[in-house]
Amino acid sequence: MARSSLPGRLPRGPFSPDFWRSPLRGTWFTSVLGVVLLAGITILFVTGLVSYAAYNPDLSPVNDRTPGKGILGFYLFSWPTDPPWLYRLTQGVHVTLGLGLVPVLLAKLWSVVPKLFTLPPARSVTHALERISLLLLVGGALFQFVTGILNIQLDYVFPGSFYPLHFYGAWVFFGAFLAHVALKAPAAFRNLRGMRRGEGEEPDQELAAARPGPPTVSRRGALGLVGGGSLLLVATSAGRSFDGPLRHTAVLSPHGGSEPGSGPGAFQVNKTAEYAGIRPDDTTEEAWRLTVTGRTGTVRLSRADLLAMDQHDAALPIACVEGWSTSDQAWRGVRLRDLAALVGHDDPADVYVESLQSRGTWRHAALSAGQVADARSLLALSVNGADLTPDHGHPARVIVPAAPGVLNTKWVARLTFGEL
Amino acid sequence: MPERMPRPVPGSPFPLLVLLCSFALCAYAGVRLLDGDWPMITLWFVGAALVHDLVLLPLYAAADRALVTVTAGRAAWVNHVRVPAALSGLLLLVWFPLISGRVSQRYAAVTALSADGFAARWLLITAALFGVSAVLFAVRVGRRRPGAG
């Protein structure tokens, strides 16, 4: 200790340029990974914002987990019902691409880790600020990946509700990401163009090893390993966005493998009836009534009353924020707009939907007038030719094209049409 | 020897402006992010970077250096161990909650799916990765032998 603290001594350990020996590090390696992340993280950010909008948070407080969002909701728009696979696509891309980028992020961080130990800690005010920004960048990236990956595995160890953590975390990260791109992307692109023309790398003492060890793998080989890791993660996850044999390819990811149960209701379930606290006694023909309220008052309907109304079909998927989805299922039931008309709303109206669920964040939800007006938006009573199973929402559930899964309320008890 | 503390250098204006602009956005979102259990959220945010840079990365770098040292002089098969080990470790890192079984009960109760078999499937994939790698190594060695003899 005494020796190393003497003035004029060379820094030791990771602070010494000789400590980092890998011949792989250098501007080309970092630039390639950086450009891949620039494209990938941009897609993650956009699909994430799209998913946030898909919940229609401005429609009603029950849809809004982030009431303090302020200007961060500047872009919100009324979520459409077409194409019906829209959320299935955007959220499938968000989660599957995020998984595929894990090895790229890890490799990128590995390639720049010597910079963490540069001395002096700050050469200038700007350099000091840049290093603080890098803490937000690295901490933010890891925070986003870790919360997302834990959430899809239902491992809720993070400190708070997933929605605000992942949403505000994304904006903190994106703030630092924008600065990093503005400051570094020009050099990365310049470097890659220069390399393609065969001009060699820009010298960068901080990235390339001062005294590189003997190579045990080429840079292309190392990039191949990173790409192979991405492919492996995507190949063992992408199947959770499809039914049948493709789902079986998702061998390590949640909602991969087989379908729950057998028969017409054997497709993926977000929350089982038991977990949601549904008591079988409340769903019997005698006990269950649907309460519909609107301009002209309140109507109470039994399941037989609903079956006596015009029945309509809609082939629609279930798509979850966790990134899994099902293929189209054949739903059959009463149109939401017919139920609205029953209580005096011949023109489209918003609806507040309440479930029998005693617990769960999404035991109630709001749908927009546009969602209610769609002819494929149903209060479904059956699926794939059979009555709904308890886990799929028996006696009745909402199904709306392109809506995130949790807005398709199950075990519906009450519909309130009108201004929310 | 420096005779006095060097005066702070301001640095160039463009990066400074970019960073200040970025901090404004980070602060606006950060206040909202921390509106809750802020000590734990801060710990998670900063801790994620520290645990990665000071624990995870040194661990796998040390494991890799140990592998290279052990196989010194036989560099031909370093990558036949390194690649399957890295891929298997990556899968374990990402799917640790399911593979370790720490969410088994909740997963089965919530999804009506079996939570068994994640660890077994990970082990099978790991075995397959090392197996394929070993076969490729044998093929490479076999191809080189006749020429060498």
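Computed from a predicted structure; not experimentally measured. Residue numbers start from 1 in every chain, and the chains themselves are labelled A, B, ... in the order their sequence lines are given, proteins ahead of strands. Computed from heavy atoms alone, side chains included, the values below leave out hydrogens, waters and symmetry copies.
Asp155(A) contributes no side-chain N or O that, together with a main-chain N or O of Arg102(B), makes up a donor-acceptor pair within less than 3.5 Å. Although no hydrogens or angles enter the test, the distance criterion places no donor-acceptor pair under 3.5 Å between the side chain of Arg121(B) and the main chain of Leu252(A).
For the pairing with Thr126(A), the side-chain contact (heavy atoms from CB on, under 4.5 Å) check across Leu19(B), Leu20(B), Leu17(B) returns one residue only, Leu19(B).
If you measure heavy-atom distances from Val113(A) to chain B, the contacts under 4.5 Å come from the side chain alone. Contacts between Leu124(B) and chain A at a heavy-atom distance below 4.5 Å are absent for every atom of the residue. Heavy-atom distances place no part of Pro214(A) under 4.5 Å from chain B, backbone and side chain included. Heavy-atom distances place both the backbone and the side chain of His255(A) under 4.5 Å from chain B. Looking at Leu57(B), the atoms closer than 4.5 Å to chain A (heavy atoms on both sides) all sit in the side chain, from C-beta outward. Leu154(A) touches chain B through backbone and side chain together, each having a heavy atom under 4.5 Å away. In this structure, chain B has heavy atoms under 4.5 Å from both the backbone and the side chain of Val217(A). With a 4.5 angstrom heavy-atom cutoff, Phe177(A) does not touch chain B via any of its atoms.
Interface residues of residues 105-113 of chain B toward chain A, defined by a heavy-atom distance below 4.5 Å and sorted by number: Arg106(B), Tyr107(B), Ala109(B), Val110(B), Thr111(B), Ala112(B), Leu113(B).
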